[in-house]
Amino acid sequence: MNKLPRSFFNRPTLQVAQELLGKILVIGKTSGRINEVEAYIGQNDPACHACRGKTERNKAMFGPAGHLYVYFTYGMHHCANIVTEKTGFPAAVLIRGIQPLEGAEQMEKRRGRKDHLANGPGKLCIALNMTKKSHNEMDLCGKSKDGVYDDGFVPPKIKTSPRIGIREGLDKKWRFYF
DNA sequence: GTCCCGATTCTA
DNA sequence: AGAATCGGGACT
């Protein structure tokens, strides 16, 4: 399996988002195939956390591509994104769903159930044990095994829709899944 | 310092 | 349809 290099993420976000579908996200001893993502792009995207500028929370989005942007929301959930585009341009791809591969048993334990292990951004962070404290700003293109891998899998026809759970920017169909 | 609400999830 | 639950960010 090839680990995706920083150059993969340092490209237009919509392209990165679609090409992430079918790739394998590895975090610690758990992994899964990405099957749902959303793009959040820059200061002109009203749904993007960075639309009103750089803050302590969203600063990872302004950093180099290939790093994680993990944030805490609704008082109880974490969501994980992979930063895209050049340093200084705030954009990222939210990972909304994966099909569990390695460590499924561990994921079942963390989730406390055997189904719906990682079919949502909050659930996925629980399954992979990702938190803001431990994973925000982590580099996925470094020496560590954590990262995104290509095993040659080609996803079926990609579907699109408006992004989930937002109030503005519903005109953009930046959710991709299969 | 205060106030409002969220890129969610689960249950009823 | 509604609750759970708390930190960030906009604003006083």
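Residue numbering restarts at 1 for every chain, and letters A, B, ... go by the order of the sequence lines. Hydrogens, waters and symmetry mates play no part in the numbers below; they use all other heavy atoms, side chains included. Only a predicted model underlies this, so the values are computations on that prediction, with no experimental measurement involved.
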Under the salt bridge (Lys or Arg N to Asp or Glu O under 4.0 Å) test, residues paired with A/Asp139 that sit two or more places apart: A/Arg6

Pi-cation contact, A/Phe9 with A/Arg11 (under 6.0 Å, within 45°): no

Members of residues 11-27 of chain A that approach DNA chain B, where some heavy atom sits under 4.0 Å away: none

Derivation of the side-chain contact (heavy atoms from CB on, under 4.5 Å) call for A/Ile82 and A/Leu140: CA-CA 8 Å; A/Ile82 304 178; A/Leu140 291 183; 3.9 Å; yes

Pairs meeting criterion side-chain hydrogen bond (donor to acceptor under 3.5 Å, both in side chains) with involvement of residues 119-132 of chain A, two or more places apart: A/Asn119-A/Lys123, A/Thr131-A/Ser134

Where chain A begins and ends its contact with DNA chain C, read 5' to 3' at 4.0 Å from heavy atoms: C/dA4 to C/dA10

Nucleotides 3-12 of chain B: protein proximity per nucleotide (B base, S sugar-phosphate only, - neither; heavy atom, under 4.0 Å): ---BBBSS--

Gap in Å between the two P atoms, one belonging to B/dT2 and one to C/dT5, rounded: 23 Å

Set of residues satisfying salt bridge (Lys or Arg N to Asp or Glu O under 4.0 Å) with respect to A/Glu36, sequence neighbours excluded: A/Arg96, A/Arg175

Residue pairs passing the ring pair (Phe, Tyr, Trp, His ring centres under 6.0 Å) test where at least one lies in residues 114-170 of chain A, sequence neighbours excluded: none

Stem list, DNA chain C (Watson-Crick or G-U pairing under 3.5 Å, at least 3 consecutive pairs): B:1-6 with C:6-11, B:8-11 with C:1-4

Flag side-chain contact, heavy atom, 4.5 Å: A/Met107 against A/Ile126: no

More than 12 heavy atoms of other groups within 6.0 Å of A/Asp171 CG: yes

A/Asp151: salt bridge (Lys or Arg N to Asp or Glu O under 4.0 Å) partners, not counting sequence neighbours: A/Arg33

Pairwise side-chain hydrogen bond (donor to acceptor under 3.5 Å, both in side chains) hits with a residue in residues 104-113 of chain A, at least two apart: A/Glu108-A/Lys114, A/Arg113-A/Asp115

Ring pair (Phe, Tyr, Trp, His ring centres under 6.0 Å): pairs with one or both residues in residues 70-115 of chain A, sequence neighbours excluded: A/His49-A/Tyr71, A/Tyr69-A/Tyr71, A/Phe72-A/His78

With sequence neighbours excluded, residues passing side chain to side chain donor-acceptor pair (under 3.5 Å) with A/Thr160: none

